[in-house]
Amino acid sequence: MSIFERFGSRETGEKERKSFHPVSYRRRFSELELSCGEANERYPEDCKIIERFVLFLKERCRARYKKALSGDLSPMRAEAQFFLSEDRMCAYACLLPPENEGADVTLEGFLGDLRYEGIRYGLLEESIPEEFARGYLHIFPVARGKLPQPGEDGKVTELFRRRRNMRLEVQNGSEVEFGEDVNLQPVRKGAVICLIRAPKPGADGIDVTGQKLPPPEVVSACVPQGKNTVVGRGGQALIASVDGILYIENDQFCIHEQKIIDGNLDQFQGTLQISGNLYIGGDVDGGVDVEASGDIVINGKMGMARVRSTGGTIRVQKGVFGTEGKTFLTAAGQIQTPVLEWTEAGAGASVIAETISNSTIRCGGTVYAMTGRGMIVGSRIYAGDSVLCLRIGNITKDRNRFSVGYPPHVPESWDRIKAELAEAQSTIERLWPPIVALRKKGSRITDAELSILKQLMEQRELYLQRAEVLKSELKNVNKALDKKSKGRIRCEKLYPFLDVRIGRLTEEVTTIEEDCNIHVEENTIHLE
């Protein structure tokens with residue numbers, strides 16, 4: 001039973017309220033301000049509606065007061081005033097008191113006024129009697145509409161990233177997230193690329209006058225279907241129709257058809273050679289030998305194996321856990337992997353990892369270990385540029401050896417040539433005393449001794465020639481080392497021991513250091 005029905009059959013008489021003599025409208029204004037403050041506190045979401053209603057009530061009170069003072073001061077009955085929000089979703093009421101001993105308003109009369117004002121929907125039937133009983137100049141809500149419920153537009157949920165190229169991206173070392181998918185995205189036939197949701201219509205709303213409020217229209221989703229993809233599963237999915245590499249072209253998902261090695265690779269005999277990019281879905285282990293002319297992606301781990309990219313970048317998604325002397329990784333471009341353990345790695349560009357342990361690395365650029373543990377321990381690194389990491393070494397004081405600032409072959413060649421030259425000069429010096437002793441014999445020298453002397457002289461001449469060649473090579477290497485180096489080693493924490501080499505300069509760090517910046521300044525290695 002509605003509130004109208006509950007009170008429709010009751011007697012229309014109500015106990016008469018106490019009559020009032022005409023009251024100044026300014027006093028009414030003060031009473032309305034108090035009521036406004038109370039209503040705002042109870043219904044803060046309706047503050048603007050309440051304030052506009054109060055302005056309306058003040059004008060009404062002013063008009064009633066003037067009328068009450070005019071003529072013969074005839075009685076003026078109490079009246080209910082109603083106010084609609086602009087969107088008609090909310091209605092408020094207030095009872096203005098009688099003037100000149102006019103009649104009070106009854107609840108039945110109030111409900112009748114409410115109905116005749118056209119407020120029919122969303123009546124607050126349980127609270128109206130209680131609010132009405134609080135008397136005159138009390139502001140309270142009497143009805144609230146129902147907002148239209150918006151529907152859902154059709155939606156496409158993309159399950160793969162929008163990659164625009166067919167190659168691995170060469171990345172900055174501080175930005176690589178190994179937990180994310182690789183840039184080169186392989187998909188298998190039947191893989192779901194996008195989920196498609198059909199549009200769902202909304203529900204009508206109703207304002208307090210009973211008028212329907214239609215919801216916004218919904219639209220279907222635009223499916224990014226491109227080459228080698230099909231819409232399937234009853235229109236609920238975009239599916240790969242071939243094996244290959246997924247990419248975006250003209251805002252559509254397309255697939256470049258390509259052979260993919262799915263699963264692990266550990267039984268291949270000989271060398272597996274691939275022209276172009278290679279994707280391996282699992283682990284690489286068992287001593288296999290893999291070579292590709294493009295990028296190589298290993299989606300699992302790498303163990304005992306030899307992997308080479310002659311023209312691209314290598315990414316090992318789950319790390320390289322090698323065996324000393326049996327794990328080799330070589331890339332013309334960049335190497336990206338979260339872990340390098342017991343690995344010999346060479347890269348034409350940079351090497352990006354989270355942990356480097358017991359490994360030897362040669363690269364033309366920078367070695368980065370800036371994410372995850374960011375740790376390098378027990379390793380030899382020859383970097384053409386710099387080494388940037390969070391931590392070097394550990395509490396067990398495993399020794400690290402870093403050479404930075406020059407192409408790896410330059411300091412290595414300098415070491416080799418210096419060692420070979422020293423050996424040649426040492427041999428020359430060792431040969432000279434027996435040669436002098438045999439020469440002193442003069443005519444007393446025997447045929448056997450003469451044969452030995454000739455052999456010694458020939459050997460000495462060969463070593464002299466070798467020493468001259470080595471001196472020439474050393475001169476060229478020295479020219480390369482004379483170029484100023486910008487290479488540096490930066491880390492947040494450094495444990496001993498670290499052997500640092502920048503060109504011909506060397507330094508051993510034997511203390512624990514924080515926020516290190518090791519570089520060359522004025523022909524001296526500085527630790528800052």
Pairs under 3.5 angstrom only: tabulate donor-acceptor contacts from the side chains of residues 405-412 to other protein residues two or more places apart or in another chain.
residue	atom	partner	partner atom	Å
Tyr406	OH	Leu481	O	3.0
Tyr406	OH	Lys483	O	2.7
Glu412	OE1	Arg362	NE	3.1
Glu412	OE2	Arg362	NE	2.9
Glu412	OE2	Arg362	NH2	2.8

**Request:** Determine whether more than 12 heavy atoms belonging to other residues, nucleotides or ligands lie under 6.0 Å from atom CZ of Phe321.
**Result:** yes
**Prompt:** Less than 4.5 Å apart, any side-chain heavy atom of Leu527 and any of Glu507?
**Reply:** no
**Request:** Could you list all the salt bridge (charged side-chain N to carboxylate O under 4.0 Å, His left out) pairs where at least one residue sits in residues 372-397, not counting sequence neighbours?
**Result:** none
**Item:** Qualifying side-chain hydrogen bond (donor to acceptor under 3.5 Å, both in side chains) pairs with a residue from residues 440-451, counting only residues at least two apart or across chains
**Value:** Lys441-Glu449, Thr446-Glu449
**Asked** Taking atom CD of Glu508 as the centre, does the number of heavy atoms from other residues, nucleotides or ligands within less than 6.0 Å exceed 12?
**Response** yes
**Message:** Applying side chain to side chain donor-acceptor pair (under 3.5 Å), can you list everything that pairs with Glu513, at least two apart in sequence or on another chain?
**Reply:** Thr511
**Request:** Could you tell me whether Glu521 atom CD has more than 12 heavy atoms of other residues or ligands within 6.0 Å of it?
**Result:** yes
**All side chain to side chain donor-acceptor pair (under 3.5 Å) counterparts of Asp207, not counting sequence neighbours** = Thr209
**Complete:** With sequence neighbours left out, the residues meeting side-chain contact (heavy atoms from CB on, under 4.5 Å) with Gln425 are Leu421, Lys471
**Request:** Would you indicate whether the side-chain heavy atoms of Glu528 and Arg488 approach each other to under 4.5 Å?
**Result:** no
**Request:** Have a look at Ser359 and tell me which of Leu329, Thr343, Val377, Val351 forms a side-chain contact (heavy atoms from CB on, under 4.5 Å) with it.
**Result:** Thr343
**salt bridge (Lys or Arg N to Asp or Glu O under 4.0 Å) involving Glu291 - partner list, sequence neighbours excluded** = Arg308
**Message:** Show every side-chain hydrogen bond (donor to acceptor under 3.5 Å, both in side chains) that has at least one partner inside residues 212-231, sequence neighbours left out.
**Reply:** none
**Prompt:** What pairs with Arg233 under salt bridge (Lys or Arg N to Asp or Glu O under 4.0 Å), at least two apart in sequence or on another chain?
**Reply:** none
**Message:** Please enumerate all residues that pass side chain to side chain donor-acceptor pair (under 3.5 Å) together with Glu158, with sequence neighbours excluded.
**Reply:** Arg162
**Fill in**
Applying side chain to side chain donor-acceptor pair (under 3.5 Å) to Asn478 and not counting sequence neighbours gives Trp414, Arg504
**Asked** Take atom CD in Glu423; do more than 12 heavy atoms of anything else shown fall under 6.0 Å from it?
**Response** no
**Non-hydrogen atoms of Gly294 and Ser309 that approach each other most closely** = O-OG, 2.6 Å
**Prompt:** What closest approach, in Å, do Gly312 and Ala331 show between heavy atoms, and which atom pair accounts for it?
**Reply:** O-CB, 3.8 Å
**Any residue meeting salt bridge (Lys or Arg N to Asp or Glu O under 4.0 Å) with Asp415, in chain and number order, not counting sequence neighbours** = Arg501
